[in-house]
Amino acid sequence: MKRLLVTGASGFLGSRITDYYRGKYEIYAPSHRELDIAWGGELSCRIMAWSPDFIVHCAAVSDVGRCEREPELSWKINVEGSINIAEAARKAGAKCLICSSDQVYFGSHLRGPHSEEEALSPCNLYGKQKLWAEEECLRVNPECVLLRLSWMYDIRTMNRGEHGDFFRTLLAKINSSEALRFPVHDVRGITDVNEVVRNLERAFGLEGGIYNFGSPNEKNTYGTMTEIFEKLQWDTAPLEPDQAAFLDNPRDMSMSQEKINEKGIFFSRTADALAEHLSQASQSRPQIRGIDSDTDKKTIARTILEALPDWFGIPEATEQYIADSSGKVFLCAYDGEKPVGFLYLKETGRHTVELAVMGVLKEYHRLGIGRKLFEAARERAEEQGYSFIQVKTVQMGRYDIYDDTNRFYLSLGFKELEVFPTLWDECNPCQIYIMSV
């Protein structure tokens with residue numbers, strides 16, 4: 001079995017590479033502590049000792065804003081780290097694929113789709129760093145393959161704390177009936193990350209050089225979304241053109257596919273892939289059902305809460321949540337016949353109910369399921385004559401994972417009522433939110 005080394009394996013792309021190729025290759029996915037790409041000579045020694053056949057270098061500071069704020073750190077990782085990997089790969093005799101970015105085209109005065117041979121002058125630091133890394137990596141290792149990736153998305157959430165991407169954010173907005181505003185001065189490909197992952201194996205056989213590696217797209221984002229809605233025969237009225245975004249510096253980062261297509265590697269058009277995924281998601285949107293059986297309530301609650309140890313990691317508390325589900329207004333979201341999320345309401349006063357517990361399986365996060373569950377629960381509360389809904393969580397600013405929960409409740413329309421510093425314990429001050437039904 002051939003060996004594959006993946007840097008940045010805890011990130012968005014790296015985690016999906018290791019997940020997809022595990023079992024087909026012997027995977028080495030070291031953490032930053034185990035393999036620091038800034039080590040230089042020691043890095044080469046460690047890579048040579050493991051003797052990989054292939055290296056996919058995903059580790060990077062990819063936040064454009066952070067690169068501007070922390071130029072020295074981002075340079076050390078994006079440029080020096082990439083050069084170190086390229087040189088180590090040469091010494092180890094490994095084929096090396098290094099992730100670059102379509103941001104190198106931001107600042108070009110030429111209209112896309114852009115080719116790999118264009119003279120470039122990126123206008124942001126991230127793009128400049130990626131371009132410099134490309135040149136230096138090829139200098140130290142001419143067999144390196146530099147892949148200019150576009151904006152990527154997935155239809156699923158794989159990792160705790162993973163930020164939303166274009167597709168999952170879009171789907172949540174569609175499910176919540178939010179306004180859908182898209183820029184007209186921004187042209188770029190938006191690529192299903194799973195296509196990138198699958199095509200990597202073909203890229204192992206590429207000659208050294210630079211390749212555009214992502215979905216083609218000739219339209220601005222508003223035009224792309226209009227095409228998608230029309231393709232799906234959806235009402236385009238919710239779509240609004242954003243005339244302000246990128247107005248002062250219009251952006252065209254669309255990439256030519258000619259070079260990569262000649263090598264037998266192809267990507268779906270941005271609009272085609274997004275339309276297909278949205279169609280599938282709309283056909284399989286989880287259905288919300290009320291649950292009457294106390295036995296079924298406990299079974300569902302146990303199945304979902306035990307799958308969410310990052311949020312429900314105290315066994316005694318989890319058991320209490322499960323037991324307390326009996327006799328409550330209990331709503332469950334189903335994907336087919338699979339329970340994927342639930343909540344239940346608890347009466348706390350003559351006019352008030354509490355959203356006592358809510359849980360959604362991690363792979364179904366950011367798909368609008370929690371919002372649909374809550375909307376159904378609010379209707380139930382109104383039908384039963386309640387005037388208010390309250391919910392408790394850990395106060396904002398304590399833990400990232402609970403900050404996301406706070407933002408979710410605020411997005412539903414909850415308002416801060418009061419903080420009880422020691423209701424649970426001093427490390428977990430209790431924030432109470434309330435909403436009028």
Side-chain angles (χ1 to χ4, degrees), residues 12-13 101-106 108-115 118 147-157 163-199 211-261 265-285 366-368:
F12 180 79
L13 176 58
S101 171
D102 61 357
Q103 290 282 345
V104 298
Y105 296 119
F106 188 15
S108 173
H109 297 295
L110 299 176
R111 293 187 61 181
H114 299 285
S115 72
E118 286 181 21
L147 303 177
R148 289 177 177 169
L149 305 177
S150 71
W151 194 5
M152 293 179 290
Y153 66 88
D154 200 351
I155 60 174
R156 57 180 178 152
T157 300
H163 295 297
D165 54 34
F166 184 86
F167 179 81
R168 286 172 286 169
T169 301
L170 171 63
L171 190 59
K173 287 184 176 180
I174 292 172
N175 287 333
S176 65
S177 301
E178 287 186 43
L180 300 171
R181 303 186 77 241
F182 299 100
V184 298
H185 302 294
D186 187 28
V187 182
R188 71 184 303 191
I190 308 172
T191 307
D192 179 354
V193 68
N194 298 288
E195 289 194 45
V196 173
V197 171
R198 290 192 297 269
N199 279 330
Y211 298 85
N212 292 334
F213 207 74
S215 287
N217 187 27
E218 71 282 4
K219 296 183 178 181
N220 63 47
T221 312
Y222 173 72
T224 300
M225 292 310 305
T226 300
E227 178 186 341
I228 291 169
F229 271 50
E230 290 174 347
K231 188 185 294 285
L232 296 173
Q233 298 183 328
W234 291 358
D235 182 11
T236 59
L239 300 177
E240 300 176 4
D242 184 344
Q243 300 285 355
F246 303 103
L247 176 61
D248 295 334
N249 192 8
R251 187 168 72 169
D252 184 344
M253 301 192 298
S254 58
M255 299 191 296
S256 168
Q257 303 292 295
E258 184 176 350
K259 184 176 180 180
I260 202 73
N261 290 169
I265 298 175
F266 299 88
F267 288 89
S268 304
R269 287 182 64 245
T270 292
D272 293 341
L274 282 169
E276 181 180 350
H277 292 316
L278 285 171
S279 175
Q280 292 173 354
S282 66
Q283 292 170 16
S284 62
R285 287 179 185 173
R366 300 186 184 277
L367 296 178

For E240, look at atom CD and say whether over 12 heavy atoms of other residues, nucleotides or ligands are found less than 6.0 Å away.
-> yes
Shortest non-hydrogen contact from F166 to Y153?
-> N-CB, 4.4 Å
Closest heavy-atom pair, I265 versus F267, reported as atoms and distance to 0.1 Å, is CG2-CE1, 4.1 Å
Contacts of H185 that satisfy ring-ring contact (aromatic ring centres under 6.0 Å, His included) - sequence neighbours left out | none
On a heavy-atom basis, the closest approach of S215 and I190 is CB-O, 3.7 Å
Which residues satisfy the side-chain hydrogen bond (donor to acceptor under 3.5 Å, both in side chains) test with K259, sequence neighbours excluded?
-> none
Just by modelled atom types, is the T169 backbone N or O under 3.5 Å from a matching donor or acceptor in the D165 side chain?
-> no
With sequence neighbours left out, what residues match D248 under side-chain contact (heavy atoms from CB on, under 4.5 Å)?
-> none
Nearest heavy-atom pair of Q243 and V184: which atoms, and what distance?
-> OE1-CG2, 3.2 Å
Mind checking side-chain hydrogen bond (donor to acceptor under 3.5 Å, both in side chains) for S254 and listing every partner two or more places apart, or none if nothing turns up?
-> D252
Any side-chain donor near an acceptor of the partner, R148 and Y105, under 3.5 Å | yes
Kindly write out the residues that satisfy side-chain hydrogen bond (donor to acceptor under 3.5 Å, both in side chains) with D272, not counting sequence neighbours, or none if the list is empty.
-> K231, R269
The side-chain hydrogen bond (donor to acceptor under 3.5 Å, both in side chains) partners of D192 (sequence neighbours excluded) come to N194, H277
